[in-house]
Amino acid sequence: MTEASRYRPELIESRWQQAWADQGLDRTPENDGGKTFYALSMFPYPSGNLHMGHVRNYVITDVIARSARMRGHRVLHPMGWDAFGLPAENAAIERGVEPGDWTDRNIAAMRLQLQQLGLSIDWDRELTTCHSDYYRWTQWLFLQFLEAGLAYRREATVNWDPVDQTVLANEQVDGEGRSWRSGALVEKRQLRQWFLKITAYADQLLDDLPKLAGWPERVRTMQANWIGRSSGTELDFELVDGQGQASGESITVFTTRADTVFGVSYVVLAPEHPLVKRLTTPDQATAVEAFCDLVSRQSEQERTAEDSPKRGVPIGAMVRNPATGALVPLWIADYVLAEYGTGAVMGVPAHDQRDFLFARRYELPVRQVIIPEGSDEHAYAGGAWTEAGILIHSGRFNGLSSAAAKKAITAAAEAEGWGRGKVQYRLRDWLISRQRYWGCPIPVIHCESCGVVPVPAEQLPVELPRQVAFSGKGASPLAQLEEWVNVACPCCGQPARRETDTMDTFMCSSWYYLRYSDPHNRSLPFERSQVDRWLPVDQYVGGIEHAILHLLYSRFFTKVLRDRGLLGFDEPFSRLLTQGMVQGITYKNPHSGKYIAPGDVTDATDPRDPKTAEVLEVFYEKMSKSKYNGVDPASVIDRYGADTARMFILFKAPPEKDLEWDDADVEGQFRFLQRLWRLVEAAANRDLRLEATAAAGPTPFSDLSPAERELRRAVHTAISAISDDLSGDYQFNTAVSELMKLSNAMGEHLEAASPAVANEALATLLTLLAPFAPHLAEEFWQKLGGSGSIHRQHWPVADPTALVRDTIPLVIQIKGKVRGNLEVPADADKATLEKLALESEVAARWLEGKAPSRVIVVPGKLVNLVP
RNA sequence: GCCCACCUGGCGGAAUUGGUAGACGCGCUGGGUUUAGGUUCCAGUGGCUCAGGUCGUGGGGGUUCAAGUCCCCCGGUGGGCACCA
């Protein structure tokens, strides 16, 4: 092989990337009313280095965008940066760099890496959430929520690090309740925090899930679980005083088991319930206070572990069961959560496992009021019967089934004024306050006389001050910037103070996909005409780790903005592809628990720790620095080029499954591209010129040689299969394998084919290859004299006449088992097929002259003879 | 505990939706070319096998002329939610 004919991706890729940029090939077309397609990857946090998970994500989206373009869509394929967040602030604390500078440097480095992948991204629409031309509109949208009554402040329990004197996010508190930074035991503190009222949209967010037919079932299920709607009943238990006199006040409990109300033996409040202090009788005050103190010092983990003992104390007060009129004691207990339902539950030990454990511990009565259907009234068996059944000892409701009783009791409660049907959600309002510097400032001002005053829209953005001092301690640096904090109230002009909390970064990422439709707008976050034209996103691609939060928040934003008249659709993402993670080969010493770098493993087929000579565990796991199993995308591109990396990633596994990175398979993929290189080289040496094809027109079928017919069949089979793989349910792995099959067929038949047929095959192969290996496809296209860029070519359409065969192999089955094949005319009818099958050698041998009792004929496929 | 997904050769994975299981690739085996090696080309590659068959898609049962695919039971792996009343 001569030097000139070797495939050298490093000589090709950067050249084409430059050429495409110069030609503006990836620019989003003017939207002149043609069919649009919006292909979107979840935007990255600019950590500074690209990892394989990113590569997989963006390559998948790029193939989708490129093939949509070739099919004649006007494609929007943008990229941006989710650029606020803790790592920048930590870099500032640890290394004294300015978070904004650190972030911008990372973005520059990562943008370069992305460009080396040959992604057809419209960089003119790039956005960065930490730049004020973006976060200005995040603030503007916050004010929309505020105006709509969907943003509010209230006291909330937060994690407080007493050493660093700062609030921590839940993720920054480890399993033992210690701060990730200081190691101090985290305290619970009550602080006034900003919330978005996502619960107001809980119903819609749940009810619209079935509309998302283009989403993976499991993501919809996860969201449904997260929202956690449960229908039940609120029941009012009236407070009575020591003399049994009604006080006129009542405790409301939420239950999904109204049918068990006759079995209530006590009522429990959460220790944090606001009424606890007031209702506690003097004789119980000490015990109650001690218990509340104990609970407040428990970590979330201890508190919510399922096997933790259920503990509590009676507070001395009594309540009346509205169904029976009986008096039962009021308790507080650690197993009742203040945040869910009404913060109060009725205790029915016979029919709830937790209540049962609690009752046993404190010797409270157990009253059975449900028996299994079909059983007689039976002796109490111990434990809690939590299934549905038939009511007993329940007065007028005796004999009803649980389901009927829930309805009847709820109806009675409503009629008689002691309860009501109620839908309850697990979903809580979204706490967006962060006591952090590197985030989008919440645009409000606190004024002593006017209260919370929104920053007027024309004064946005509230700029995040730069060059602040980081100590890593105390509240956010913002709170210490007196010249920033102190402002005049926009309302009354009196001295006032800025809000110093910033927003959760999920706020920034909840609307970025809208901004791409109109990224340079200086008077609005986006023009409605633009957003309505491009959205909803046709295909969203990203990791499963965002299945709940980001996707739920984005859906919430979309619905709110729709209700504000800012856009005209209900759901932001029509189709969602959750790509699997990229795993690296991992070596671990099972005894020491240490991970070993692959380079330190001497023999991968019998991997032993080089030092201890112990056998290592070998498995695939998500790439991570600490496990020494990562593969750097840059090194792969250096060695094999972006096209090989792209092809390998697409071929190795279906997109939604985990991908096991395997160097041998990367090699294999590189070999495939080299084979193509030689194929095209040979064609160029034959002087095949693609432009000749169109002029000559298709060769009539009857003029084709058998080899040419084979070749054309392979070409059009590939068109049909790959087109299929790229529409709807994306199957890039089989699409790549179809490319391999086509190239195999071309290797076999191309030489014997006329220039017209050979050119058709070459042009088709290159066009089909273009979305997957864009550089190489373009290089080949130019080498063979194709006009313009291959990426402006139309996607080929399969010619059905090329798929026609004269004869087909007919499968002969005897009683469902394959016994042979028979070459038969492709257009033979059922009767002919039956006749041919019965006359076949196979039939003669297996039927031994007897006529079959039954014959099943599937034209084009098989004949099944049943003796 | 509740919910979801998945389980196919040595490995990653195919299988027009009930119709020839194992496409395509990796790996492996044998051979040719070149050679110092790699590259490259050809052939083979699920198990058993008396070479005709026979078994085979986590296990067991069922429906059907025909089951990886549909139904029932069981097991395993991964994931989500979880003291949510």
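These values consider heavy atoms only, across backbone and side chains, with no hydrogens, waters or symmetry-generated copies.
If you take CD of E272(A) and P of C83(B), they are 14 Å apart, rounded to a whole angstrom. To the nearest angstrom, P of G19(B) lies 19 Å from CG of L865(A). Here the P atom of nucleotide G79(B) and the CZ atom of R218(A) are 10 Å apart, to the nearest Å. Atom pair I814(A):CD1 and U54(B):C1' shows a separation of 17 Å (rounding to whole Å applied). For the pair F670(A) CZ and G38(B) P, the interatomic distance rounds to 17 Å; values are reported in whole Å. Across the protein-nucleic acid pair, I227(A) atom CD1 and G80(B) atom C1' stand 14 Å apart, rounded to whole Å. Rounded to whole Å, the distance from CG on L549(A) to C1' on G80(B) is 12 Å. Spacing between atom CD1 of I332(A) and atom P of C83(B) amounts to 19 Å, rounded to whole angstrom units.
Between the C1' atoms of G68(B) and C55(B), the separation comes to 16 Å (whole Å). Using atom C1' as the reference point in both G9(B) and A14(B), the two lie 13 Å apart (nearest Å). Using C1' as the reference atom, C28(B) and A51(B) are 24 Å apart when rounded to the nearest Å. On the P atoms, A15(B) is 29 Å away from U64(B), given to the nearest whole Å. Comparing the P positions of C4(B) and C72(B) gives an interatomic distance of 13 Å, to the nearest angstrom. When the C1' atom is used for both U8(B) and G46(B), the distance is 11 Å, rounded to whole Å. Look at the C1' atom in both G32(B) and G25(B): the space between them is 23 Å, to the nearest Å. Rounded to whole Å, the separation between the P atoms of U16(B) and C3(B) comes to 30 Å.
Ring centroids of W661(A) and Y620(A) are separated by 6.0 Å or more, keeping the two rings apart. In this structure, Y340(A) has its ring center no closer than 6.0 Å to that of Y425(A). Side-chain rings of W331(A) and F358(A) approach one another, their centers coming within less than 6.0 Å.
Using a 4.0 Å cut-off, some side-chain N or O of R678(A) falls inside it from OP1 or OP2 of C41(B). At least one side-chain nitrogen or oxygen of K817(A) sits closer than 4.0 Å to the OP1 or OP2 atom of C55(B). Dashed line: the shortest gap from a side-chain N or O of R426(A) to OP1 or OP2 of A82(B) is under 4.0 Å. Within the structure, a side-chain polar atom (N or O) of R819(A) is placed less than 4.0 Å from OP1 or OP2 of U54(B). Between R354(A) and A85(B) there is no side-chain N or O to OP1 or OP2 distance below 4.0 Å. Side-chain N/O atoms of K657(A) include one lying less than 4.0 angstrom from OP1 or OP2 on G13(B).
Nucleic acid contact for V866(A): sugar-phosphate only, since backbone atoms but no base atoms lie under 4.0 Å from a heavy atom of the residue. Counting non-hydrogen atoms under 4.0 angstrom, P216(A) reaches nothing in the nucleic acid. At a threshold of 4.0 angstrom between heavy atoms, the contacts of V818(A) are confined to the sugar-phosphate backbone, with no base atom among them. E656(A) comes within 4.0 angstrom of no nucleic acid atom, judged by non-hydrogen atoms across all strands. Q424(A) comes within contact range of no nucleotide atom at all, as no heavy-atom separation falls under 4.0 Å.
The side chain of V345(A) sits closest to A85(B) out of A85(B), U20(B), G12(B). Side-chain atoms of L862(A) lie closest to G19(B) of the nucleotides A14(B), C3(B), G19(B). Taking every side-chain heavy atom of N821(A) into account, U20(B) is the closest of A85(B), U20(B), G80(B). In the set C81(B), C65(B), G19(B), C81(B) carries the atom at the smallest distance from any side-chain atom of I548(A).
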RNA chain B base-pair string [pairs: Watson-Crick or G-U under 3.5 Å; |: paired with another strand]:
(((((((..(((......[....)))((((((.......))))))(((....)))..(((((..]....))))))))))))....
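Remark on RNA chain B: of its neighbouring residues Y340(A) and W226(A), the 5'-side contact belongs to W226(A), judged by nearest-heavy-atom nucleotide. Remark on RNA chain B: of its neighbouring residues E339(A) and I856(A), the 5'-side contact belongs to I856(A), judged by nearest-heavy-atom nucleotide.
The heavy-atom pair separating V348(A) from D355(A) by the smallest distance is N-OD2, 2.9 Å. Scanning both residues, I649(A) and L659(A), for their nearest heavy atoms gives O-CD1, 3.3 Å. Between H351(A) and V369(A), the shortest heavy-atom distance links the atoms NE2-N, 3.0 Å.
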Assign a letter to each nucleotide of nucleotides 22-30 of chain B from its 5' end: B, base within under 4.0 Å of a protein heavy atom; S, sugar-phosphate only; -, no contact.
-BBSSS---
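When only modelled atom types and interatomic distance are considered, T807(A) and E823(A) share a side-chain donor-acceptor pair under 3.5 Å. T233(A) and T255(A) share no donor-acceptor pair across their side chains, judged by distance under 3.5 Å alone. There is a side-chain donor-acceptor pair under 3.5 Å between T586(A) and N629(A).
Between the T644(A) side chain and the Y640(A) main chain, a donor and an acceptor come within less than 3.5 Å of each other.
No hydrogens or angles were tested; on distance alone, nothing pairs the side chain of R311(A) with the base of C83(B) as donor and acceptor under 3.5 Å. For N225(A) and C81(B), a side-chain-to-base donor-acceptor distance below 3.5 Å is absent, hydrogens and geometry of angles not being considered.
Atom NZ of K406(A) and atom OG1 of T260(A) lie 9.0 Å apart (nearest 0.5 Å). For the atom pair CD1 of I409(A) and CH2 of W418(A), the computed distance is 6.5 Å after rounding to the nearest 0.5 Å.
Under the 6.0 Å distance and 45° angle rule, R426(A) counts as a cation-pi partner of W226(A).
Nucleotide G9(B) is shown with a syn base, its glycosidic torsion being within 90° of 0.
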